Student: 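Starting off with a structure, shown below.
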Amino acid sequence: MQAPANAENRGKEADFRLNELFFSRTDPGGIIKAGNSIFQRVSEYEAQDLWDKPHKLIRHPDTPRGVFYKLWSTIKAGHPIGAYVKNSSKSGKYYWVYAVVAPVDGGYLSIRLKPTSSLFDKVRDLYIVQAGRERTEGLDPAQSADEIDQALGKLGYESYEAFMSQALKQELDARDRGLGRGTSTLSSNFDRLHKSANVLLDDIKAISASLDSVKNTPFNLRIFASQMGDEGEGLAVIAANYVTLLEELRALLSEFDNTATDIANSLDEALLLNFIVQLQREMIDFFQSEEGATDGVDKEAETDQLERLSGTFNERAQLALNTVRARCMNLPGACQAMKRQATALDVIRLMAKVEMSNNDQNSGIILELEQRLEACQETLQSALNNIARESMQTLNAIRDMARLNEIANRDAGTSQALAKAI
């Protein structure tokens with residue numbers, strides 16, 4: 001069921017302004033139960049034509065069915081989702097939204113803003129291709145959803161979760177710029193967090209590549225030991241110790257990698273949840289400032305629903321940040337453990353150098369091996385220092401965000417109390 005097409009209005013954009021927000025609430029089956037006046041105005045439906053009607057009433061065929069498949073599978077699993085959606089008004093006009101949909105008591109609630117970021121342009125092009133493929137190739141919604149994930153991967157997003165968190169951030173940043181606001185402190189802090197997370201991941205990759213570069217060192221040392229005869233016994237022992245140390249370093253690196261993955265995933269979750277809270281708080285303020293009543297909507301009850309949802313997501317956002325904090329607090333100690341192993345590796349390198357110094361045979365190969373080991377040591381020390389530094393910067397950013405959240409909660413509580421008193 002879709003909005004009726006009107007040849008005269010097809011291709012025209014409905015009046016949805018940058019400074020506006022709107023929401024709708026449905027039951028578990030997607031039947032509209034409430035919304036604000038902006039939703040009515042933009043969709044061009046009277047209240048009696050919206051309430052108790054399927055939400056797909058406003059669906060536009062240019063939005064791939066794979067998007068709705070992903071949306072419904074996510075919210076039915078109890079998780080929020082953000083998605084770009086093209087809708088139709090009653091007269092056949094279109095309007096784009098970035099929608100954040102979340103489970104609430106008795107159904108789902110969706111808050112929408114007008115998308116204006118550069119990412120939106122890329123997604124709009126992606127949707128044109130995907131919706132066309134659904135029609136011409138008969139892709140089912142699940143197949144289409146998988147292909148959307150693959151297309152987003154080519155844009156640099158490792159998962160849909162990473163994409164939707166960045167999309168919401170970019171849309172809120174673009175909205176702030178368009179409304180003449182400065183970049184929010186929340187956005188700046190998350191930029192700091194993601195920079196630190198990326199440095200962490202890059203340094204782990206550098207350590208891994210460095211260890212790969214010397215993985216054949218024990219084998220080469222054994223060859224030299226065999227060439228030296230009885231004089232190579234010490235070098236053979238060094239080769240065996242090298243194997244042990246490299247295995248221990250690999251085990252420590254695996255722990256680093258798991259920690260870095262947890263940090264990156266938790267940051268994506270915290271990013272999404274914090275910006276959802278920001279959007280929810282602004283939606284509450286906007287809803288309360290709307291003049292007049294919305295037919296068939298209990299404004300106080302809907303505001304309470306929005307406030308409860310904001311509180312729930314704020315708690316979840318803080319839990320996600322606490323996970324990042326806990327992981328980062330473990331990094332300095334892990335760095336020290338790895339530095340000790342790296343130092344031991346360097347001691348063995350020097351011992352091997354002494355053992356091989358009297359062997360003029362294959363001197364060029366010996367020099368190359370020594371240089372490779374030195375480069376590995378330098379990479380290890382530099383990367384570990386970076387990890388320790390970035391972990392502290394991450395902890396500082398989280399501390400700043402926690403302080404700002406306390407202020408925002410206090411201000412939101414004061415604002416809502418005043419609104420109810422008026």
Side-chain angles (χ1 to χ4, degrees), residues 1-26 30-64 67-68 71 81-102 104 107-117 120-121 123-124 127 131 167-168 171-172 174-176 178-179 276 279-299 302-303 305-306 309:
M1 181 177 183
Q2 294 175 347
N6 183 317
E8 182 181 348
N9 287 324
R10 188 180 294 117
K12 292 183 179 180
E13 187 171 4
D15 181 25
F16 181 27
R17 301 155 201 167
L18 185 62
N19 67 313
E20 296 176 327
L21 296 170
F22 67 86
F23 78 93
S24 59
R25 181 174 57 80
T26 74
I31 302 301
I32 303 171
K33 293 300 180 182
N36 64 331
S37 63
I38 305 301
F39 177 40
Q40 288 183 246
R41 195 203 77 228
V42 175
S43 66
E44 300 179 326
Y45 283 95
E46 298 298 330
Q48 65 269 21
D49 298 323
L50 274 178
W51 312 150
D52 295 322
K53 302 297 190 300
H55 209 284
K56 61 183 178 181
L57 178 74
I58 59 173
R59 184 176 296 185
H60 195 290
D62 285 353
T63 302
V67 174
F68 294 109
L71 188 154
I81 189 171
Y84 290 97
V85 178
K86 187 177 184 180
N87 289 326
S88 286
S89 71
K90 184 177 182 179
S91 70
K93 295 178 182 178
Y94 74 88
Y95 58 99
W96 280 95
V97 301
Y98 187 82
V100 174
V101 190
V104 294
Y108 307 103
L109 191 145
S110 173
I111 300 175
R112 277 92 92 194
L113 57 82
K114 184 179 179 69
T116 55
S117 74
F120 168 52
D121 295 331
V123 173
R124 186 166 43 191
Y127 278 19
L168 180 55
E171 291 304 335
L172 288 172
R175 187 168 184 268
D176 285 341
L179 295 175
I276 287 177
L279 182 62
Q280 289 167 340
R281 285 171 173 165
E282 188 168 352
M283 182 72 254
I284 292 168
D285 291 340
F286 188 88
F287 186 40
Q288 290 177 338
S289 70
E290 289 184 54
E291 296 181 0
T294 302
D295 293 342
V297 174
D298 184 336
K299 194 168 186 176
E302 296 305 322
T303 299
Q305 182 83 275
L306 284 164
L309 189 63

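Numbers for residues simply follow the sequence, beginning at 1. As the structure is a computational prediction, the values presented were derived from the model and not from experiment.
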Student: By side-chain hydrogen bond (donor to acceptor under 3.5 Å, both in side chains), which residues pair with Glu282, not counting sequence neighbours?
Tutor: Arg175, Arg181
Student: Listed by chain and number, what are the salt bridge (charged side-chain N to carboxylate O under 4.0 Å, His left out) partners of Asp15, not counting sequence neighbours?
Tutor: Arg17, Arg41
Student: Taking only residues two or more places apart in sequence or in another chain, which ones pass side chain to side chain contact (heavy atoms under 4.5 Å, CB included) with Asp121?
Tutor: Arg124
Student: With Phe68, which residues qualify under ring pair (Phe, Tyr, Trp, His ring centres under 6.0 Å), at least two apart?
Tutor: none
Student: Taking side-chain hydrogen bond (donor to acceptor under 3.5 Å, both in side chains) as the definition, give me every residue that meets it alongside Thr116, ordered by chain and number, with sequence neighbours left out.
Tutor: none
Student: Just to verify, what does Glu302 make a salt bridge (charged side-chain N to carboxylate O under 4.0 Å, His left out) with, not counting sequence neighbours?
Tutor: Arg25
Student: Name all residues meeting the ring pair (Phe, Tyr, Trp, His ring centres under 6.0 Å) criterion together with Phe22; count only those two or more places apart in sequence or in a different chain, and write none if there are none.
Tutor: Phe16, Phe39
Student: Between Tyr127 and Asp62, is any pair of side-chain heavy atoms under 4.5 Å apart?
Tutor: no
Student: Check side-chain hydrogen bond (donor to acceptor under 3.5 Å, both in side chains) between Gln40 and all other residues, then give those that pass, not counting sequence neighbours.
Tutor: none
Student: Taking all non-hydrogen atoms of both residues, which atom of Leu21 and which atom of Asn36 are closest, and how far apart?
Tutor: O-ND2, 3.2 Å
Student: What residues form a side chain to side chain contact (heavy atoms under 4.5 Å, CB included) with Ile81, not counting sequence neighbours?
Tutor: Lys70, Leu71, Thr74, Ile75, Val101, Tyr160, Met164
Student: Suppose we screen for side-chain hydrogen bond (donor to acceptor under 3.5 Å, both in side chains). Which residues come up paired with Tyr95, at least two apart in sequence or across chains?
Tutor: none
